[in-house]
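Labels below follow one simple rule: chain letters A, B, ... track the order of the sequence lines, proteins then strands, and each chain is numbered from 1.
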Number of protein chains: 2
Amino acid sequence: MPWEKTFDIDKATDKATEVFWKKGYEATSMADLIDAMQINKGSLYNAFGSKKALFDRALARYDQQNRAAKIAMLRQWDDPVAAIRALFDGLIDEARGDPRNMGCFIINTAQDLPNQPPEVAETVRQSLGDIESFFHEMIEKGQAKGQIPATVEARTTAQALLSMLVGLRLLARGAAGIPALEAIRDGALRLVENA
Amino acid sequence: MPWEKTFDIDKATDKATEVFWKKGYEATSMADLIDAMQINKGSLYNAFGSKKALFDRALARYDQQNRAAKIAMLRQWDDPVAAIRALFDGLIDEARGDPRNMGCFIINTAQDLPNQPPEVAETVRQSLGDIESFFHEMIEKGQAKGQIPATVEARTTAQALLSMLVGLRLLARGAAGIPALEAIRDGALRLVENA
DNA sequence: CATTGTTCATACCGAATGGTATAAACAATG
DNA sequence: CATTGTTTATACCATTCGGTATGAACAATG
């Protein structure tokens with residue numbers, strides 16, 4: 001067997017991710033992708049098969065590398081309230097350092113769910129479901145430790161927190177400044193610490 | 001002067017709104033619009049000038065007819081907490097009665113702000129700013145009436161409420177069911193009624 | 001009835017769309 | 001060195017894109 005491959009398929013996928021992330025599926029052309037990925041059209045179709053397949057791979061990889069990894073880290077913190085705060089702080093820091101206002105690839109895609117195939121919808125729902133579960137677990141852990149009032153309803157509060165995270169990420173795309181994002185984080189924490 | 005016009009330009013705009021609302025600007029083709037608006041291509045360009053001009057008009061009209069009108073009504077309610085609740089209840093009802101998961105045209109567009117021209121960005125920011133102002137006013141009014149604790153910080157809480165509204169609208173596009181939306185509403189009210 | 005401006009269907013424009021085909025250049029193995 | 005599979009560049013495909021042009025049908029005024 002000769003010469004397995006030359007370009008890094010994961011690095012190329014990451015380049016594609018950036019484009020899909022910023023512009024969305026429909027507004028991204030193959031020309032855009034080829035420009036960004038710096039590989040030839042033939043190589044692209046040989047390696048990924050189609051635009052849609054590339055999108056699926058890009059989304060899945062973003063979900064693993066960015067979203068899931070971050071959540072998994074925080075899940076094993078000792079202080080559950082601090083973990084929730086750290087999650088929001090991380091998103092605010094990301095917004096602060098991003099003049100292009102990319103937001104979150106998963107949430108951008110969630111906004112477009114009615115126009116996406118079922119498999120994409122499933123990926124997005126699982127991803128958001130995992131965030132909600134994180135909130136749920138942290139709340140229950142905080143209640144076990146006496147940090148969070150037992151009167152806080154874990155499931156519904158987790159759903160409310162998810163909506164604030166989603167709102168923060170969307171507003172970070174250009175509609176709100178950093179102070180507003182901090183206000184959202186403070187509101188989220190207030191929801192956790194009061195009954 | 002002969003025969004000023006025959007089709008209703010506002011009704012045609014509303015048809016266009018539905019398409020832009022569901023698919024977004026880029027993913028909507030002129031063919032889609034002509035199908036939906038049931039007018040000829042020539043008439044469309046004569047009446048609206050361009051795809052972009054039609055989008056601007058559609059967005060502005062949606063903002064006036066749907067968003068601004070609703071807020072203006074609620075603004076003059078006697079009970080400010082009930083007004084906030086009614087706003088969220090209205091959105092949940094809308095989601096319940098909409099199998100197509102349209103969400104909110106303004107918020108869908110807000111998600112796409114980095115790819116929109118400045119004038120669209122301005123429209124969206126004003127629109128969201130007005131919602132935030134509504135929350136702000138209702139909180140202060142509720143505090144004046146003794147319904148809401150004075151320790152609730154009006155400005156930042158208004159921003160937190162906006163993020164929940166935004167999150168609700170986005171999640172209503174297919175990522176969450178009605179019970180989750182109700183949990184978001186309950187969380188929002190909890191933010192208002194607790195310090 | 002003539003004028004006027006709108007409607008419609010249709011044809012057209014150049015450019016861009018996602019995707020395929022080709023063939024030479026290339027790098028690693030046997 | 002021959003083989004093998006990839007990389008590149010380029011040309012090509014039919015279709016669709018946003019937008020324009022045409023001319024006849026049409027409805028209301030003078």
> For C:dA9, does OP1 or OP2 lie under 4.0 Å from any side-chain N or O of B:N40?
Replying inline: yes

>> Ring centres under 6.0 Å, that's the criterion: do B:F48 and B:F55 meet it?
In response: no

> Within 45° of the axis and under 6.0 Å from the centre of the six-membered ring of B:Y25, does NZ or CZ of B:K51 qualify?
Replying inline: yes

> Expressed in angstrom and rounded to an integer, what is the separation of B:M30 atom CE from C:dT17 atom P?
Replying inline: 18 Å

> Of the candidate nucleotides C:dC8, D:dT7, D:dC17, which contains the atom at the shortest distance from the side chain of A:F7?
Replying inline: D:dT7

> Do the side-chain N and O atoms of B:E140 and B:H136 include a donor-acceptor pair separated by under 3.5 angstrom?
Replying inline: yes

>> Would you say that A:V192 contacts A:V152 through its side chain, given a criterion of any heavy-atom pair below 4.5 Å between the two side chains?
In response: no

> What is the distance from CG of B:L33 to P of D:dG19, rounded to the nearest Å?
Replying inline: 10 Å

>> Only pairs with both distances under 3.5 Å count, Watson-Crick or wobble alike; so what is the partner of C:dG30 in this structure?
In response: D:dC1

>> In this structure, how many angstroms lie between the C1' atom of D:dT10 and the CD1 atom of A:I39, rounded?
In response: 17 Å

> Looking at B:L59, B:T109, B:L54, which hits side-chain contact (heavy atoms from CB on, under 4.5 Å) with B:F20?
Replying inline: B:L54

> Atom CD1 of B:I34 and atom P of D:dT16: how far apart are they, to the nearest Å?
Replying inline: 14 Å

>> Please give me every residue in residues 41-51 of chain B whose heavy atoms get under 4.0 Å of an atom in DNA chain C, ordered by residue number.
In response: B:S43, B:N46

>> Please tell me whether A:T156 and B:D186 have a donor and an acceptor in their side chains that are separated by less than 3.5 angstrom.
In response: no

>> Could you tell me how far apart B:Q38 (CD) and C:dT6 (P) are, to the nearest whole angstrom?
In response: 21 Å

> salt bridge (charged side-chain N to carboxylate O under 4.0 Å, His left out) with A:E137: which residues, sequence neighbours excluded?
Replying inline: A:R75

> When the distance from CG of B:L54 to P of D:dG19 is rounded to whole Å, what number comes out?
Replying inline: 10 Å

> Between atom NZ in A:K52 and atom P in C:dG19, what is the gap in whole Å?
Replying inline: 11 Å

>> I need the CD1-P distance between B:I9 and C:dT6, as an integer number of Å.
In response: 11 Å

